[in-house]
**Student:** 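The following block contains the structure, expressed as structure tokens.
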Amino acid sequence: MDIVQVNHLTKKLGYFGLKDISFTLPTGYICGLIGQNGAGKTTLLHLLLGLYQPDKGSLLIGGMDYGTSEKQIHDRIGAVLAEDLLNPAMTLIQNADWYGKYYAHYNRECMQNYLSRFHLEKERRYGRLSKGEKLKCQFAFALSHEADLLILDEPAGNFDPDFREMFFQILRTFIQDGTRSVILATHITEDLERMADYLLYLEDGSQIFAGDTETLRQNCRMVSGELYKLRMLPQERIIHLEENKYGAKALVAHSRLNHYDECLVVTVPTIEELMYYYSKR
């Protein structure tokens, strides 16, 4: 089953806009949302959360539309955003209890367990937390009301190394039964190499590619060697080619029928290479 279905989604915000975004995310996946700053990642997350309404296109969460099932959709989503979502004057548990009233399955004991596990004092005021601690508190709350979909806007960069390991382990456990999914916006490609089963790449408000990680990688190859050898490849297959003092390197479209000169070095691209060469094409 697809937990997210987006079809031809368009949203204009001043001089910027998302243009014709279409993808589906099945249950049991961690989706890495990638792109340079200003690509539209946060705008897309706000649309998925119902904070913005699309100008065109459709968006379904668990088969439901915000126009008719807003409360049911919010019950299914847990979010961690860059913005401070909680009241700085309240304690952590007061915040959780206050906002938990708006969720059908909020579990106070679950919230307290995560706060303890994350080494956060439940009676501490939210406004006195560091940036990383605030994100940990948001994460605890996102896990406390039986969400089926976690939407996370670049939290991991603010976590210390030990908590990052715990964070990723929790995400792996979260999707383990195959009924829930995660959308993780991040600029840290090492995290995506470890975690992402699915990639959605945005550039200047447009969708560059979307699909499961293995398929995307298998459809491309990094090819390096002498420039004249790379120029002998069919030009329609070359996504981007760069020359340096040691030779040349290119990202090329690939299929099982493709053959390469034995003098060329051919490898499966990393996520960082995919992002870089697509952005330069």
Side-chain angles (χ1 to χ4, degrees), residues 1-6 23-34 41 44-45 48-50 60-64 72-82 85-86 92 95-96 99-100 102-120 132-186 188-200 210-214 271:
M1 177 183 173
D2 294 326
I3 196 164
V4 177
Q5 296 169 281
V6 172
F23 70 97
T24 58
L25 177 64
T27 54
Y29 277 71
I30 295 177
C31 170
L33 176 57
I34 58 177
K41 302 189 297 296
L44 177 59
L45 294 185
L48 293 171
L49 289 166
L60 300 178
I61 305 292
M64 297 179 289
Q72 294 92 324
I73 293 174
H74 281 150
D75 275 343
R76 299 191 65 176
I77 295 177
V80 178
L81 300 182
L85 299 180
L86 304 180
L92 308 193
N95 265 296
Y99 292 103
Y102 301 101
Y103 292 87
H105 304 292
Y106 168 65
N107 186 320
R108 191 176 202 263
E109 183 179 357
C110 180
M111 178 67 185
Q112 291 184 123
N113 287 340
Y114 276 114
L115 289 177
S116 176
R117 186 174 174 185
F118 298 169
H119 303 292
L120 297 173
E133 289 172 330
K134 288 178 178 178
L135 292 171
K136 289 179 187 179
C137 183
Q138 285 191 42
F139 187 45
F141 184 70
L143 295 165
S144 72
H145 55 81
E146 298 184 14
D148 298 320
L149 175 66
L150 293 180
I151 293 179
L152 313 172
D153 191 5
E154 306 221 28
N158 292 280
F159 295 151
D160 59 79
D162 288 342
F163 187 79
R164 279 165 60 83
E165 289 302 315
M166 181 189 296
F167 172 73
F168 291 129
Q169 182 57 52
I170 289 171
L171 295 187
R172 281 189 285 265
T173 302
F174 182 81
I175 65 162
Q176 199 165 35
D177 66 0
T179 65
R180 300 182 289 189
S181 293
V182 175
I183 297 177
L184 173 64
T186 182
I188 305 173
T189 55
E190 293 88 344
D191 294 345
L192 298 173
E193 296 285 356
R194 295 176 53 189
M195 298 293 298
D197 325 283
Y198 191 101
L199 288 177
L200 174 58
D212 70 88
T213 309
E214 275 309 304
I271 293 173

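The residues of the chain are indexed from 1 along the displayed sequence.
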**Student:** Side chains of Ile170 and Arg117: closer than 4.5 Å at any heavy-atom pair?
**Tutor:** yes
**Student:** Between Phe141 and Gln138, is there a side-chain heavy-atom distance shorter than 4.5 Å?
**Tutor:** no
**Student:** Working to the nearest 0.5 Å, report the span between CD1 of Ile30 and CZ of Phe174.
**Tutor:** 9.5 Å
**Student:** In the structure I gave you, are the side-chain heavy atoms of Ile271 and Glu193 within less than 4.5 Å of one another anywhere?
**Tutor:** yes
**Student:** Restricting to non-hydrogen atoms, name the atom on Leu86 and the atom on Cys137 that form the minimum distance, rounded to 0.1 Å.
**Tutor:** CD1-SG, 3.8 Å
**Student:** Below 30° counts as parallel, above 60° as perpendicular, anything between as tilted: where do the rings of Tyr198 and Phe23 land?
**Tutor:** tilted
**Student:** Does any N or O in the side chain of Arg164 come within less than 3.5 Å of the main-chain N or O of Ala156, such that one atom is a donor and the other an acceptor?
**Tutor:** yes
**Student:** Might you work through the side chain to side chain contact (heavy atoms under 4.5 Å, CB included) test for Arg76 and Leu149, ending with a clear yes or no?
**Tutor:** CA-CA 6 Å; Arg76 299 191 65 176; Leu149 175 66; 5.9 Å; no
**Student:** Return the CE to CD1 distance between Met195 and Ile188, rounded to the nearest 0.5 Å.
**Tutor:** 12.5 Å
**Student:** When Val6 is tested against each of Leu60, Thr24, Leu48 for side-chain contact (heavy atoms from CB on, under 4.5 Å), which residue passes?
**Tutor:** Leu48
**Student:** What's the spacing between Tyr106 OH and Asp75 CG if we round to 0.5 Å?
**Tutor:** 14.0 Å
**Student:** Looking at Ala147, is its backbone amide N or carbonyl O close enough to the side chain of His105 to form a donor-acceptor pair, meaning the two atoms are under 3.5 Å apart?
**Tutor:** no
**Student:** Could you list the residues that satisfy side chain to side chain donor-acceptor pair (under 3.5 Å) with Asn95, not counting sequence neighbours?
**Tutor:** none
**Student:** Are the aromatic rings of Phe159 and Phe118 close, with centres under 6.0 Å apart?
**Tutor:** no
**Student:** Please find the pair of heavy atoms, one from Pro155 and one from Val80, that lie closest to each other, and give the distance.
**Tutor:** CB-CG1, 4.0 Å
**Student:** Decide yes or no on side chain to side chain contact (heavy atoms under 4.5 Å, CB included) for Met166 and Lys136, but give the supporting numbers first.
**Tutor:** CA-CA 11 Å; Met166 181 189 296; Lys136 289 179 187 179; over 6 Å; no
**Student:** Do side-chain atoms of Thr213 reach the backbone of Ala196 as a donor and acceptor pair under 3.5 angstrom?
**Tutor:** yes
**Student:** Looking at every non-hydrogen atom in both residues, tell me the closest pair between Ser181 and Gly28 and how far apart they are.
**Tutor:** OG-N, 3.1 Å
**Student:** Looking at every non-hydrogen atom in both residues, tell me the closest pair between His74 and Leu49 and how far apart they are.
**Tutor:** NE2-O, 3.2 Å
**Student:** In chain order, what residues pass the salt bridge (charged side-chain N to carboxylate O under 4.0 Å, His left out) check against Arg180, with sequence neighbours excluded?
**Tutor:** none
**Student:** State, yes or no, whether a side-chain contact exists between Leu200 and Ile183 at a heavy-atom distance under 4.5 Å.
**Tutor:** no
**Student:** When rounded to the nearest 0.5 angstrom, what is the spacing between CZ in Phe139 and CZ in Phe167?
**Tutor:** 5.0 Å
**Student:** Taking the side chain from Asn107 and the backbone from Ser144, do they hold a donor-acceptor pair closer than 3.5 Å?
**Tutor:** no
**Student:** What's the spacing between Leu115 CG and Cys110 SG if we round to 0.5 Å?
**Tutor:** 9.5 Å
**Student:** Got more than 12 heavy atoms from elsewhere within 6.0 Å of CD, Gln169?
**Tutor:** yes
**Student:** Atom CZ in Phe168, atom CG in Leu184: separation rounded to 0.5 Å?
**Tutor:** 6.5 Å
**Student:** Quick one: closest heavy-atom pair of Gly178 and Thr27, and the distance?
**Tutor:** O-OG1, 3.0 Å
**Student:** List the atom of Ala96, the atom of Met111, and the distance in Å for their closest heavy-atom pair.
**Tutor:** CB-CG, 3.6 Å
